[in-house]
Trainee: 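I am attaching a structure below and will ask some questions about it afterwards.
Here is the naming used below: chain letters follow the sequence lines, and residue numbers restart at 1 for every chain.
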Amino acid sequence: MRTSQLLLPTLREDPGEAETVSHRLMLRAGLIRKVAAGIYTYLPLGLRIIRKVEQIVREEMNRAGAQELLMPIASPAELWKETGRWDYYGKELLRFKDRHERDFCLGPTHEEVITDLFRREVRSYRQLPLNFYQIQIKFRDEIRPRFGLMRGREFIMKDAYSFDKDDAGARLNYQKMYDAYDRIFSRCGLNFRAVEADTGLIGGTSSHEFMVLADTGEETIVYSDHGTYAANVERAEVLPPDDETREELRPLQNVKTPACRTVEEVTKFLKVEASQLVKTLLYSTGKDTVAVLIRGDHDANEIKLKRLLGVTDLELAGPATVEKITGAPVGFAGPVGLKIRIVADHAVRTASNVVVGGNQADTHLIDVNCPRDFQVEQFADLRNAKAGDLSPRKDGVLKTTKGIEVGHVFMLGTKYSQAMNASFLDPNGKECLAVMGCYGIGIGRTAAAAVEQNHDDKGIVWPFPIAPFHVHLISLGQSAGVIEAATGLYGALEAAGLEVLWDDRDERAGVKFNDADLIGAPYHVIVGDKGLAEGLLEVKTRKTGVKTKLSPAGIPAAILAMASSDRSAS
RNA sequence: CGGGGCGUAGCGCAGCCCGGUAGCGCGCCUGCUUUGGGAGCAGGAUGUCGGAGGUUCAAAUCCUCUCGCCCCGACCA
């Protein structure tokens, strides 16, 4: 492809709308353009990258025995009402009516549609197992789209759905997908890790997320320093403290803490550690308000809390509710004398002589002890794991890192097959529910994650397998010799099976070099009069910046050799 | 939805506080020179100042309302 025939609008300056590396570079390199918040056009070069990732995904899905199909973007409300997700999914589900006033939505995921297909078309255990996948545009009306392709409202996803006759089969399919994901992200040249995860809105019995490790990731991962345990922090179990010994209990006292509301303010004012403080969080469940006690140096985990309380909606109570229940403004709530249901994290049980809110403005209580001064209905694991905690498998101590979730595999069990009566006949003629799994990969997010992980101050450094082009051919000047040599090389490189972007514009060398660095093809070949005069042309490896002088005829073979050694090294 | 910020030429921004001619850099067009890391000179084009109301002799600037976008929190591939 010649740049003179390609829409490749690179930007010299950082666009004002982008802050994240991948978002900024993808805009600057002319890969994407925004149409509306979280909605993007893939420009020709950007689409090539998307297609590369899709192709790797497709090959590995096919290899794992999944079959490709394509479901519609729009689906009727009836299917969603069958599983209850028409209501449960909330505002993220973009709804609309057709001309006959029938309710439809844009598919945020396709369990309903595929399960409907299954129940219509599959009758017998002989047809199982089955695994279907598609690569298709999804729409989720995200609360806050951000970071370009990282979290769009419209995005390209590979989603797969497996159907098995029993749990053992489902586990096998799950494992196959897990292994396929491992290969996919390895082939994309990413540094990633599979972690245990929460199942969220999709539901089901267990799941793993595939996380690309990057400081800019939105997810926090905890992993054992000496073992194999790794989990999303929202999922990671925290073991109850094994040391039950407590300090000698001192008598409770009332202290004035003027305008000290936050943990930080209170600990600073009273000169105590955050771990000596217990915060009292009031959560509204929609039905009632529950007090949740968490140690001052810990963070509440709302997913664990929802599970304990058996609710799906949960939010911190507003100032009015807090005042009504505690009689004090926000910041001074405490468990002593509180008349509502109280649950607490395990760590609160073994803490002694703690500081809590006094349920009175500018007042805290110190040397408070449970159960002497207040009672808790239930102790449970309600906090986020943090660095330094014991691994739940007791195979080491937890460390934390940031990650970008690029893939997620779920064991669904019979959640959807039951709701939609997707059954088959077993050898005895008995009707059985299909055991399902579902498996997603964010295609655009994978590309964006690759940029987060592979860039420098000049631009993107694409991993070879998903690079939009393998070779960026840069011709300098418009002399007959240069044009002839570049034309010859272009043909020779393509004949060698390499994808070549030839910058044939009448631009100055600096402009071309800078654009090439920005776009980030793995290898750059520079054709100029200077090189031609000595019969040697420069080949630059984008990642290392190393330039090698080679005779033109030897360049295609040399690049193929470099590519294969780079790939085996990584 | 809560909090913070922004909307002025294709892009990045200044001007707004203190009302009076719409400006800078990059890009774009023409010409000459230049040509291996974002060229120089000369000339040129480009704006419903996000939109609607209002105040005023006069509004990019002040007021009200509205729309869009970005960033921080509650959701997820």
Trainee: With a 4.0 Å cut-off on heavy atoms, is A:K549 in touch with a base, just the backbone sugar-phosphate, or nothing at all?
Mentor: nothing

Trainee: Report yes or no: is there a donor-acceptor pair, N or O only, under 3.5 Å between the side chain of A:R28 and the base of B:G38?
Mentor: yes

Trainee: Tell me which nucleotide among B:C76, B:G36, B:G37 gets nearest to the side chain of A:R445.
Mentor: B:C76

Trainee: Provide the Watson-Crick or G-U wobble partner of B:C69, both distances under 3.5 Å; none if there is no partner.
Mentor: B:G5

Trainee: Ignoring hydrogens and angles, state whether a donor on the side chain of A:Y223 or A:T401 is under 3.5 Å from an acceptor on the partner side chain.
Mentor: no

Trainee: Write down the distance separating the P atoms in B:A45 and B:U35, rounded off to the nearest Å.
Mentor: 30 Å

Trainee: Just the rounded figure in Å: distance from P of B:G27 to CG of A:L8.
Mentor: 17 Å

Trainee: Which base, if any, makes a Watson-Crick or G-U wobble pair with B:C75, both distances under 3.5 Å?
Mentor: none

Trainee: In Watson-Crick or G-U wobble terms, both distances under 3.5 Å, what is the partner of B:U21?
Mentor: none

Trainee: Measure CD/A:E92 against P/B:C75 and give the value in whole Å, please.
Mentor: 10 Å

Trainee: Map A:L532 and A:I303 onto RNA chain B by nearest heavy atom, then report which one ends up closer to the 5' terminus.
Mentor: A:L532

Trainee: Does atom NZ of A:K81 have more than 12 heavy-atom neighbours from other groups under 6.0 Å away?
Mentor: yes

Trainee: Output the rounded distance in Å from NZ (A:K91) to P (B:C76).
Mentor: 16 Å

Trainee: Look at the side chain of A:D517 and the base of B:G37, then say whether one donor and one acceptor between them are separated by less than 3.5 Å.
Mentor: yes

Trainee: B:G73, B:G27, B:G37: which one has an atom nearest the side-chain heavy atoms of A:R12?
Mentor: B:G27

Trainee: Please state the P separation for the pair B:C49 and B:G10 - nearest whole angstrom.
Mentor: 13 Å

Trainee: With no hydrogens and no angle check, just 3.5 Å: does a side-chain donor-acceptor pair link A:Y161 and A:D159?
Mentor: yes

Trainee: Among the candidates B:A77, B:C69, B:G38, find the nucleotide nearest to the side-chain atoms of A:M157.
Mentor: B:A77

Trainee: Once you apply a heavy-atom cut-off of 4.0 Å, does A:G90 come out as touching a base, just sugar-phosphate, or nothing?
Mentor: nothing

Trainee: Who are the side-chain contact (heavy atoms from CB on, under 4.5 Å) partners of A:T280, not counting sequence neighbours?
Mentor: A:L282, A:A291, A:L293, A:A333, A:P335, A:L338

Trainee: Please tell me which of the listed nucleotides, B:C70, B:G37, B:A77, lies nearest to the side chain of A:A509?
Mentor: B:G37

Trainee: Any base atoms under 4.0 Å from A:E538, or only sugar-phosphate, or nothing? Heavy atoms, all strands.
Mentor: base

Trainee: Check the surroundings of atom CD in A:Q55: do more than 12 heavy atoms from other residues, nucleotides or ligands lie under 6.0 Å from it?
Mentor: yes

Trainee: Looking only at side chains, do A:H208 and A:Y174 share a donor and an acceptor under 3.5 Å apart?
Mentor: yes

Trainee: The side chain of A:F155 lies closest to which of these nucleotides: B:C75, B:A77, B:C70?
Mentor: B:A77

Trainee: Could you identify the nucleotide paired to B:U55, looking across every strand shown and requiring Watson-Crick or G-U wobble geometry with both distances under 3.5 Å?
Mentor: none

Trainee: Go through the N and O atoms of the side chain of A:R151 and the base of B:C76, and report whether any donor-acceptor pair is under 3.5 Å.
Mentor: yes

Trainee: What's A:E234 touching, base or sugar-phosphate or nothing? Going by heavy atoms closer than 4.0 Å.
Mentor: nothing

Trainee: Categorize A:K512 for me: base, sugar-phosphate, or nothing, with a 4.0 angstrom heavy-atom threshold over every strand shown.
Mentor: nothing

Trainee: Counting side-chain heavy atoms from CB outward, which of B:G36, B:U34, B:A77 is closest to A:R508?
Mentor: B:U34

Trainee: By the 4.0 Å heavy-atom rule, please label A:G152 as base, sugar-phosphate, or nothing.
Mentor: base

Trainee: Name all pairs fulfilling the side-chain hydrogen bond (donor to acceptor under 3.5 Å, both in side chains) condition that reach into residues 502-512 of chain A, sequence neighbours left out, sorted by first residue then second.
Mentor: A:T3-A:D503, A:T3-A:D504, A:S4-A:D504, A:S475-A:W502, A:D503-A:R505, A:R505-A:D515

Trainee: Quick one: label A:G442 by what it contacts on the DNA or RNA (base, sugar-phosphate, nothing), any heavy atom closer than 4.0 Å.
Mentor: base

Trainee: Select one nucleotide: of B:C71, B:C26, B:G36, the one nearest the side-chain heavy atoms of A:R144.
Mentor: B:C71

Trainee: How would you label the contact of A:G477 with the nucleic acid (heavy atoms, under 4.0 Å): base, sugar-phosphate, or nothing?
Mentor: nothing

Trainee: What residue pairs, at least two apart or across chains, pass side-chain hydrogen bond (donor to acceptor under 3.5 Å, both in side chains) with a residue in residues 26-35 of chain A?
Mentor: none

Trainee: Where the side chain of A:L476 is concerned, which of B:G36, B:G37, B:G27 is the nearest nucleotide?
Mentor: B:G36

Trainee: Would you tell me whether A:H408 and A:E405 have side-chain atoms, one donor and one acceptor, within less than 3.5 Å of each other?
Mentor: yes

Trainee: Using a 4.0 Å heavy-atom cut-off to protein, can you give one letter per nucleotide of nucleotides 6-13 of chain B, 5' to 3': B if the base is in contact, S if only the sugar-phosphate is, - if neither?
Mentor: -----BSS

Trainee: Looking across every strand, which nucleic acid part, if any, lies under 4.0 Å from A:V406 by heavy atom: base, sugar-phosphate, or nothing?
Mentor: sugar-phosphate

Trainee: Of all residues at least two apart in sequence or in a different chain, which pass the ring-ring contact (aromatic ring centres under 6.0 Å, His included) check with A:Y133?
Mentor: none

Trainee: When you look at CD of A:E218, are more than 12 heavy atoms from neighbouring residues, nucleotides or ligands closer to it than 6.0 Å?
Mentor: yes

Trainee: Could you go over nucleotides 30-33 of chain B and give all protein N or O partners under 3.5 Å, atom names and distances?
Mentor:
none

Trainee: So which nucleotide from B:C72, B:C75, B:A77 ends up closest to the side chain of A:I143?
Mentor: B:C75

Trainee: For a quick check of understanding: with a heavy-atom distance under 4.0 Å over all strands, which category does A:I443 fall into, base, sugar-phosphate or nothing?
Mentor: nothing

Trainee: Take the protein atom NZ of A:K458 and the nucleotide atom C1' of B:G38, then report the distance between them rounded to whole Å.
Mentor: 12 Å

Trainee: May I have the distance from A:E142 (atom CD) to B:C69 (atom P), rounded to whole angstrom?
Mentor: 15 Å

Trainee: Please report the distance, rounded to the nearest Å, between CG in A:L27 and C1' in B:C70.
Mentor: 12 Å

Trainee: When you compare B:G50 with B:A9, how far apart are their C1' atoms, in angstrom units rounded to a whole number?
Mentor: 15 Å

Trainee: Could you pick out which residue, A:D529 or A:I156, lies toward the 5' side of RNA chain B when each is mapped onto its nearest nucleotide?
Mentor: A:D529

Trainee: Can you tell me the pairing partner of B:A39 across any strand shown, Watson-Crick or G-U wobble, with both distances under 3.5 angstrom?
Mentor: B:U33

Trainee: Distance to the ring centre below 6.0 angstrom and angle to the axis at most 45 degrees; does that hold for A:R95 and A:W80?
Mentor: no

Trainee: I need the CZ-C1' distance between A:R505 and B:U35, as an integer number of Å.
Mentor: 15 Å

Trainee: Please determine whether any donor N or O and acceptor N or O are separated by less than 3.5 Å between the side chain of A:K530 and the base of B:G37.
Mentor: no

Trainee: Would you please indicate if the ring centroids of A:F210 and A:Y178 are separated by under 6.0 Å?
Mentor: yes

Trainee: A:F513 stacking on B:G36: centroids under 5.5 Å, ring planes under 30°?
Mentor: no

Trainee: So what's B:U46 paired with, Watson-Crick or G-U wobble, going by both distances under 3.5 Å?
Mentor: none

Trainee: Mind calculating the distance between OH (A:Y89) and P (B:C76) to the nearest angstrom?
Mentor: 7 Å

Trainee: With a 4.0 Å cut-off on heavy atoms, is A:Y181 in touch with a base, just the backbone sugar-phosphate, or nothing at all?
Mentor: nothing

Trainee: For nucleotides B:U8 and B:C24, find the distance between their C1' atoms and express it as a whole number of Å.
Mentor: 12 Å

Trainee: For the residue pair A:E209 and A:S207, confirm or rule out a side-chain donor-acceptor distance under 3.5 Å.
Mentor: no

